[in-house]
Amino acid sequence: MPFSRKTYYKKRIIFTFTGVTAGIIVLLISVSNFYIKELFTNQISDQMKDMTRYMVNRLDSRYLKSLKFGPPTESFKDYFSAFSKLDSEQKNNAEVFIFNKEFQIVIHNNSSIEYNSTDPLLTIHTDLISTIKENKVVTSLPFQTKKNKWYLWAFYKLNDDLYFAYKAETKRFNKLDQFTVYVNYFGLTSIIVICVIAVFLSKSITKPINKLVDYSLAVGKGAVTSTIPEGLKGELKILGDALDKMHKGLLNSQNEKEKILAQIAHEIRNPLGGMELLASLVKEQLAEDDKNVNYLDSILKEIFRLKSLITSFLNYSKPVPANPEWIFVGEIMEDLSSFIKNKTTDRKIDFCYKSEIDKIYFDPVHMKQILINLISNSIEAIEKEGRIFIELEKNKTIWNLKISDSGKGIPEKSYDNLFTPFFTTKKDGTGLGLAICKKLCQENHGDICVDRDSENTTIMITKEIRYE
């Protein structure tokens with residue numbers, strides 16, 4: 001489903017603002033985690049190297065020489081057990097041992113480790129150990145066990161045959177994992193907060209724009225009572241003032257045209273009245289069988305049609321300010337019952353009125369005039385018998401008043417011009433009935449249109465509830 005005009009820019013602002021900010025946050029977190037981990041690794045590696053050198057320097061070389069003759073003696077084992085406790089204050093669960101170039105453990109601070117046994121984790125670092133020069137120390141990369149604990153190896157080459165190994169738990173990395181989790185939660189929370197801020201920011205930007213769009217659409221439809229939205233600032237205020245100035249200019253121009261045309265219509269109606277009077281007097285003087293009587297009847301008929309057209313135009317051009325109040329459409333329908341009865345003496349028409357709400361906020365005189373015009377059109381559209389259905393319905397934001405009939409209908413190609421002044425599909429129509437209805441609806445902040453989705457010919461009056 002494509003974005004509507006009220007959500008397109010709003011969603012773009014939200015997605016762009018949130019996406020860019022979220023990307024920056026993720027990048028910062030990733031870089032921070034990398035450098036912090038790198039810093040921790042370097043610090044711990046240096047500490048491990050220092051501790052390894054310190055222990056090797058404290059190691060009695062006499063015991064190392066005895067290893068050339070076979071397994072370590074009991075006295076060496078006791079010595080090594082005590083020796084390995086040099087880092088006991090670190091409380092890092094250290095393993096201290098010596099192994100040979102075949103990666104067989106010669107002596108271990110854990111008495112359960114047998115002589116010439118192998119450690120699978122030790123063999124993993126074969127390439128690293130092979131690069132060590134004598135009396136030098138290297139450290140491995142931190143690694144994590146199945147128990148989610150981090151460890152680090154340090155290896156020192158004692159001589160061509162023996163190596164010293166120091167394996168210790170790096171608790172700082174455990175804390176680093178916790179820190180990483182906290183940072184990730186912080187980043188996620190920040191993204192959510194930024195998303196919320198983006199929603200409010202986009203709303204504050206698009207809301208006045210939507211108001212201006214609604215205002216311009218109302219002006220485009222000819223709503224003379226529309227006013228510029230309040231609370232506009234900056235560039236939007238300048239744009240709003242320009243639209244308002246244009247609106248007032250159009251209204252002034254329209255009013256001047258209507259005044260001129262009304263004056264012309266008034267000047268035409270006066271001589272028409274004189275012509276009608278003279279033609280009537282001449283007709284009275286002629287005998288009934290005189291053929292000139294038919295000519296005079298034709299003249300009087302055309303004069304009457306012109307006077308009706310001018311009267312309709314004058315009614316259309318008159319200012320019709322609305323005085324809305326709460327009205328009951330059902331009561332207006334009852335008032336029109338005699339009018340409907342007189343209009344349908346030669347037709348069999350069933351009327352049906354249905355309402356979901358009791359009352360609406362509308363000018364009662366305007367509503368009555370609108371219903372008279374629309375019902376008259378529906379009656380004229382039905383040749384002999386048919387049905388007229390009037391329904392008033394409401395949802396959360398608007399109410400609709402629909403007038404449908406089962407008559408011959410309106411050509412679909414005429415829908416767009418149906419409410420244009422002087423446009424008519426009738427042979428003797430003035431083309432002002434529906435135009436007047438539209439003008440009265442606009443005065444009441446409403447609208448009128450053809451319901452294109454309806455099976456029958458349906459005219460629909462719509463008004464937003466916020467204007468009530």
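Fair warning: this is a prediction, and the values are worked out from it, not measured in the lab.
- Residues satisfying the side-chain hydrogen bond (donor to acceptor under 3.5 Å, both in side chains) criterion with Asn456, sequence neighbours excluded, are absent altogether.
- To the nearest 0.5 Å, the span separating OH on Tyr163 from OG on Ser130 amounts to 7.5 Å.
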Handout entry: side-chain contact (heavy atoms from CB on, under 4.5 Å) between Gln369 and Val365, intermediate numbers included
Key = CA-CA 6 Å; Gln369 182 62 52; Val365 177; 5.7 Å; no
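- Applying the ring-ring contact (aromatic ring centres under 6.0 Å, His included) test to His108 and every residue at least two apart in sequence or in another chain returns Phe97.
- Residues that satisfy the side chain to side chain contact (heavy atoms under 4.5 Å, CB included) test with Ala381, not counting sequence neighbours, are Asp405.
- Not counting sequence neighbours, the partners of Glu380 by the side chain to side chain contact (heavy atoms under 4.5 Å, CB included) test are Lys343, Asn377, Lys426.
- Atom OG of Ser32 sits about 12.0 Å away from atom CG of Leu39, to the nearest 0.5 Å.
- Under the rule for a side chain to side chain contact (heavy atoms under 4.5 Å, CB included), the partners of Asn395 that lie at least two apart in sequence or sit in another chain are Thr397, Ile398.
- Of the inter-residue distances, the one linking Ile375 atom CD1 with Ile340 atom CD1 reads 4.0 Å to the nearest 0.5 angstrom.
- Between Ser404 and Thr458, the shortest heavy-atom contact is OG-OG1, 2.7 Å.
- In plain terms, the two heavy atoms of Cys449 and Phe419 that are nearest each other are CA-CE1, 3.7 Å.
- When all heavy atoms are compared, the tightest approach of Lys396 to Ile465 is O-CD1, 3.5 Å.
- With rounding to the nearest 0.5 Å, the separation of CD1 in Ile191 from OG1 in Thr21 is 9.0 Å.
- Between atom CG of residue Asn135 and atom NZ of residue Lys157 there is a gap of 9.5 Å, rounded to the nearest 0.5 Å.
- Among residues two or more places apart in sequence or in another chain, the salt bridge (Lys or Arg N to Asp or Glu O under 4.0 Å) test is passed with Lys402 by Glu393, Asp451.
- Contact check for Asp447 versus Lys438: side-chain heavy atoms found under the 4.5 Å cut-off.
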Handout entry: Working for side-chain contact (heavy atoms from CB on, under 4.5 Å), residues Ile403 and Ser378
Key = CA-CA 8 Å; Ile403 296 91; Ser378 294; 3.9 Å; yes
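- Counting heavy atoms from C-beta outward, Gln104 and Thr118 have side chains that approach closer than 4.5 Å.
- Residue pairs meeting the salt bridge (Lys or Arg N to Asp or Glu O under 4.0 Å) criterion with at least one member in residues 41-53, sequence neighbours excluded, are Asp50-Arg53.
- The minimum heavy-atom distance linking Leu152 with Ser140 is given by the pair CD1-O, 2.8 Å.
- With sequence neighbours excluded, the residues that form a salt bridge (Lys or Arg N to Asp or Glu O under 4.0 Å) with Glu464 are Arg466.
- In this structure Asp358 satisfies the salt bridge (Lys or Arg N to Asp or Glu O under 4.0 Å) test with no other residue, sequence neighbours excluded.
- Of the inter-residue distances, the one linking Ile370 atom CD1 with Ile461 atom CD1 reads 5.0 Å to the nearest 0.5 angstrom.
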Exercise for the section: Give the C-alpha distance, both sets of side-chain angles, the deciding distance and a yes or no for side-chain contact (heavy atoms from CB on, under 4.5 Å) between Ile327 and Met367. Expected result: CA-CA 9 Å; Ile327 61 173; Met367 178 55 69; 3.9 Å; yes
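- A heavy-atom distance below 4.5 Å is found between the side chains of Ile372 and Lys368.
- For the pair Ile388 and Ile382, the minimum side-chain heavy-atom distance is below 4.5 Å.
- Side-chain atoms of Trp153 and Leu121, non-hydrogen and from C-beta on, do get closer than 4.5 Å to each other.
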Practice task
Apply the test side-chain contact (heavy atoms from CB on, under 4.5 Å) to residues Ile129 and Phe103: give CA-CA distance (whole Å), side-chain angles for both, the deciding distance (0.1 Å), then the verdict.
Solution key: CA-CA 10 Å; Ile129 295 171; Phe103 298 98; 3.5 Å; yes
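- Ile410 pairs by the side chain to side chain contact (heavy atoms under 4.5 Å, CB included) definition with Ser414, Tyr415, Leu418, Thr457, not counting sequence neighbours.
- Taking 4.5 Å as the limit, some side-chain heavy atom of Leu401 sits within range of a side-chain heavy atom of Leu371.
- Pairs of residues two or more places apart, or lying in two chains, that qualify as ring-ring contact (aromatic ring centres under 6.0 Å, His included) and include a residue from residues 321-373 are Trp326-Tyr361.
- Closest approach of Pro321 to Asp363, counting heavy atoms only: O-OD2, 4.2 Å.
- For Asn444 against Pro324, the heavy-atom pair with the smallest separation is OD1-CB, 4.2 Å.
- With sequence neighbours excluded, no residue forms a ring-ring contact (aromatic ring centres under 6.0 Å, His included) with Phe164.
- Remark: side-chain polar atoms of Ser406 are not paired, donor with acceptor, to backbone N or O of Gly386 under 3.5 angstrom.
- Considering only heavy atoms from C-beta on, Ile459 comes within 4.5 Å of Val450 through its side chain.
- Other residues, nucleotides and ligands contribute more than 12 heavy atoms inside 6.0 Å of the CG atom of Leu27.
- Taking 4.5 Å as the limit, every side-chain heavy atom of Phe155 sits out of range of all side-chain heavy atoms of Thr131.
- A distance-only check finds a donor-acceptor pair linking the side chain of Glu356 to the backbone of Lys394 [under 3.5 Å].
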